[in-house]
Colleague: 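My questions all concern the structure below.
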Amino acid sequence: MKSLKVGNLDVRPGKVEKGSLGTFYRGDGAAVDIPLIVINGAGDGPTLWLSAGMHGQELSGVGVIWELVRDKVKPASLKGAVIAVPFMNPFSFTGGTYFTPQDGLNLHSTFPGDPEGSLTERLANLVYEEGIKKADVVIDLHCNPENAMMFTYAFDPDDQGVGRKGYKLAKAFGLTTVDGKPKPEGVSADIQDVAYHLGIPSFLVELTPYYSISPLAVSVGVRGVLNVMKSLMMIEGEIEPQVDVHVIEGRLGIVFGTSSRGGLVVPETSLGASITKGQTVGRVVDFFGDTLEEIINPVDGWMLTWPYLNHVFTGELVAMYVYPKG
Ligand SMILES: [Zn+2]
């Protein structure tokens, strides 16, 4: 294993170091570093990119990285390396927002970014050039509110190359796994899309809840990342099933249900419940509690999430459903 240069770090084999992926500046001139942890294993193996904190409220993934670095991944017994960024978007974090407050952009859909663009575009480009391009596998940790199942999102395993590899790693993580298609190359896209087009297996993790570092989410996330590292032979050990949360097995597609009427959302079906096509799974109601619209499930499958807030506008996401594929 050689020394690994990332950001302002140059980490020798068998060492772990903390530093900065890159530096940006606030309006008062103060520097804001993008926190970076590099664990360079004593043995040869793949390099895993592990990020959290892309969205300011999504904190449990941050706790996952802290615990992995503090207690679980030891450089002496590691084959390969981990490049970990616990807070990818500190501006979104300090703003407590999903979007970067300074330019209103969503880092998640801004890759590969632009080194001469806005703050979020520059941040995306830094992550892309300095991080993703140095990785062999990419895992990005997110969180949904508590009214969602924990799940992973990977690419179509029928793709015999990079999609299949990423899907198998997502399955090793151990949660309900949904698969879809990558966005085309050349458009502003998600971190896992640009990784895919570089030929790097990738998947996204959605833990719950957000706004706090949840012990359950941290435990699930740590177990999942260690499972992936075991399947990559980076560490030794048996894959552990995710016994603490409900997991829907098999290959799954996802459907995004939107609302025609705005109003308060009243769920009437629990997460993970088996549902049939055409079933009323909940209601959109007004301030008097009167029904404005029944929420009709469009597939035979299972409930995956309810909305982020307890209300929706016309056309907003009201529920996600999953269905068996193939
Ligand atoms: Zn997110």
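Order of appearance sets the numbers: ligands from 1, and atoms from 1 within every ligand. Computed from heavy atoms alone, side chains included, the values below leave out hydrogens, waters and symmetry copies.
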Colleague: Does the pair Asp33/Lys18 count as a salt bridge with the N-to-O cut at 4.0 Å?
Modeller: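 Here Asp33 does not pair with Lys18 in a salt bridge, since their nearest N and O are not under 4.0 Å apart.
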Colleague: Going by side-chain contact (heavy atoms from CB on, under 4.5 Å), Tyr321 matches just one of Asp300, Thr305, Ile254, Val281. Which one?
Modeller: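 Per the side-chain contact (heavy atoms from CB on, under 4.5 Å) rule, the option paired with Tyr321 is Val281, out of Asp300, Thr305, Ile254, Val281.
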Colleague: Between Asp114 and Arg122 (salt bridge meaning N to carboxylate O under 4.0 Å), is one present in this structure?
Modeller: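 Salt bridge: no.
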Colleague: Please give me the minimum heavy-atom distance between Glu146 and Leu271, naming the atom from each residue.
Modeller: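 That would be O-CD1, 4.0 Å.
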Colleague: For Lys230, is the NZ atom crowded, meaning more than 12 foreign heavy atoms sit under 6.0 Å from it?
Modeller: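 For Lys230, atom NZ is crowded (more than 12 foreign heavy atoms under 6.0 Å).
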Colleague: By salt bridge (Lys or Arg N to Asp or Glu O under 4.0 Å), which residues pair with Lys181, not counting sequence neighbours?
Modeller: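 Testing Lys181 for salt bridge (Lys or Arg N to Asp or Glu O under 4.0 Å), a comparison that skips the adjacent residues, returns Asp156.
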Colleague: For a distance under 2.8 Å, give residue and atom name for each protein N, O or S atom next to the Zn ion (ligand 1).
Modeller: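 Per the 2.8 Å query on the Zn ion (ligand 1), atoms found are His55 ND1, Glu58 OE1, Glu58 OE2, His142 ND1.
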